[in-house]
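Encoded as structure tokens, the structure appears first; notes follow it.
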Amino acid sequence: MTIHHPTTIDAEACAAALDRGETLPWSWYADPAITALEQERIFRSSWQYVGRTDQVAQPGQFFTCEVGGVPIVVTRDRSGGLNALVNVCRHRGAQVVREDCGTRKSLQCFYHAWTYGLDGSLRGVPRGDREADFDTSQLGLRRASVDTWGPFVFVHLDPDPAPLTETLGELPELLAAGGIDLERMRFHHRVYYTIEANWKIAVENYLECYHCPVAHPGLADVLDVSPDAYELEVRPTFATHHGIVRDIPREAGYPVQGPVVEGQYHLVWPSLKVNVNPGQPNLSFGPVYPAGPERTTGYLDYFFGEEVDEAWIKAMLAFDDQVGAEDTDLVESVQRGASSGGVEGGRLLLGSEHTISAFQRFVLGRLRED
């Protein structure tokens with residue numbers, strides 16, 4: 001799946017700029033060729049969160065998704081196996097499954113009725129018996145790699161990638177230490193969103209809390225966001241925030257007392273958000289990805305502990321929505337400025353924004369020429 005692009009990356013110059021505390025060129029935040037390169041070398045070359053195990057708990061269940069712009073159908077076959085299949089008919093390229101989710105005995109293309117098993121094997125071709133030497137064994141749906149962590153399903157387009165555990169690193173232990181027992185978390189709902197900005201700007205905003213005292217007064221009422229209290233760490237495959245609850249929360253927007261005593265917010269490269277707010281057991285989990293050079297789409301799946309009541313959930317979600325709305329306004333403003341061409345790039349404060357620098361080095365490393 002190699003795509004040829006006209007853009008040339010001056011990796012050495014970009015790396016030297018990052019060493020000086022400068023950003024990646026802002027032209028990269030509006031360039032369609034860079035976005036296409038990112039789809040190929042980042043999103044099509046990484047483990048991507050695509051859905052939940054409860055969506056494919058029973059044989060015959062499936063759901064559809066995309067990875068790096070490639071349509072995927074995840075199925076539970078009749079023997080109980082979990083499959084990730086490229087959702088493109090091997091005949092003429094139609095998407096075989098068009099529903100978001102459901103239950104099927106087989107996967108039949110709506111265009112010419114080529115029929116595949118839930119494991120992707122080609123089972124039936126109308127008029128195929130009229131063709132000489134027509135070998136159906138080589139025309140099954142392309143396979144991708146699939147793995148799970150707790151209730152989460154991940155897909156990688158490479159048929160033999162590095163294990164998912166390498167991408168997750170210490171994340172499972174950090175969540176457990178913070179009071180999140182995935183076995184006792186229950187899915188509540190999913191929220192989709194679109195931001196009129198490049199996906200990297202959305203990620204970079206998430207990666208720092210330098211803006212929090214000014215832009216998120218409600219969050220600053222709950223968490224101590226001062227530089228000596230709010231921790232930012234860079235791990236090999238993700239960056240993480242730890243925020244402690246104020247001793248006496250200043251008009252906190254929701255009840256923060258509970259078994260989860262701190263906020264923790266993780267960004268798994270390239271763009272998976274993992275959020276835990278203080279209070280009762282809660283978790284939001286989901287990716288952002290490019291829908292074009294100046295548009296980002298994404299979703300968050302919300303989970304709560306078995307015994308968390310709806311009143312608390314409603315109050316926490318209102319708080320969460322407010323912070324999200326504030327972030328959207330910030331990110332879209334940055335896109336308008338960065339893509340204007342008026343300035344070539346920015347200057348980071350590495351004491352407070354080293355997580356952004358680490359992310360930009362990850363992006364550069366994936367995009368640079370071999």
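Count residues from 1 along the sequence.
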Rounded to the nearest 0.5 Å, what separation is found between the [atom1] atom of [X] and the [atom2] atom of [Y]?
| X | Y | atom1 | atom2 | value |
| --- | --- | --- | --- | --- |
| Leu122 | Leu139 | CG | CG | 6.0 Å |
| Leu118 | Arg76 | CG | CZ | 11.5 Å |
| Glu353 | Leu232 | CD | CG | 9.5 Å |

Next item on the list: Keeping to residues at least two apart or across chains, list the side chain to side chain donor-acceptor pair (under 3.5 Å) pairs with something in residues 116-127.
Entry: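 Qualifying pairs, neighbours excluded: Asp119-Ser121, Ser121-Arg123.
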Checklist line | Cation over ring face, Lys200 and Phe359, 6.0 Å, 45° | finding: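 No, Lys200 does not lie over the aromatic ring of Phe359.
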If we count only N and O atoms by modelled type, under 3.5 Å, do the side chains of [X] and [Y] hold a donor and an acceptor together?
| X | Y | answer |
| --- | --- | --- |
| Thr75 | Asp77 | no |
| Glu233 | His266 | no |
| Ser226 | Asp224 | yes |
| Asp301 | Tyr49 | yes |
| Glu294 | Gln335 | yes |

Next item on the list: Answer yes or no: is there an ion pair linking Arg336 with Glu196, defined by an N-O contact shorter than 4.0 Å?
Entry: no
Using a 6.0 Å cut-off, check whether atom [atom1] of [X] has over 12 heavy atoms from anything other than its own residue.
| X | atom1 | result |
| --- | --- | --- |
| Asp100 | CG | no |
| Arg361 | CZ | yes |
| Glu307 | CD | no |
| Arg295 | CZ | no |
| Arg184 | CZ | no |
| Glu173 | CD | yes |
| Arg78 | CZ | yes |

Note to self: Going by salt bridge (Lys or Arg N to Asp or Glu O under 4.0 Å), name the residues that satisfy it together with Arg347, two or more places apart in sequence or in a different chain.
What the structure shows: none
Notebook entry, point to check: Is Trp199 reachable from Leu330 through a run of hydrophobic residues whose side-chain heavy atoms are each under 4.5 Å from the next?
Noted result: no
Next item on the list: Find out if a path of hydrophobic residues (ILVMFWY) with successive side-chain heavy-atom gaps under 4.5 Å connects Phe62 to Val74.
Entry: no
Any idea how [X] and [Y] line up, ring-wise: parallel (<30°), tilted (30 to 60°), or perpendicular (>60°)?
| X | Y | result |
| --- | --- | --- |
| Phe362 | Trp269 | parallel |
| Phe187 | Phe303 | perpendicular |
| Trp114 | His91 | parallel |

Checklist line | Test side chain to side chain contact (heavy atoms under 4.5 Å, CB included) applied to Tyr302 and Val191, step by step | finding: CA-CA 8 Å; Tyr302 283 83; Val191 172; 4.0 Å; yes
Next item on the list: Might you work through the salt bridge (Lys or Arg N to Asp or Glu O under 4.0 Å) test for Glu38 and Arg366, ending with a clear yes or no?
Entry: CA-CA 8 Å; Glu38 290 167 342; Arg366 288 292 186 94; over 6 Å; no
Checklist line | Stepwise side chain to side chain contact (heavy atoms under 4.5 Å, CB included) check, Val256 with Leu223 | finding: CA-CA 10 Å; Val256 296; Leu223 300 178; over 6 Å; no
Note to self: Between Leu350 and Ser357, does the side chain to side chain contact (heavy atoms under 4.5 Å, CB included) criterion hold? Intermediate values first, please.
What the structure shows: CA-CA 7 Å; Leu350 294 181; Ser357 182; 3.9 Å; yes
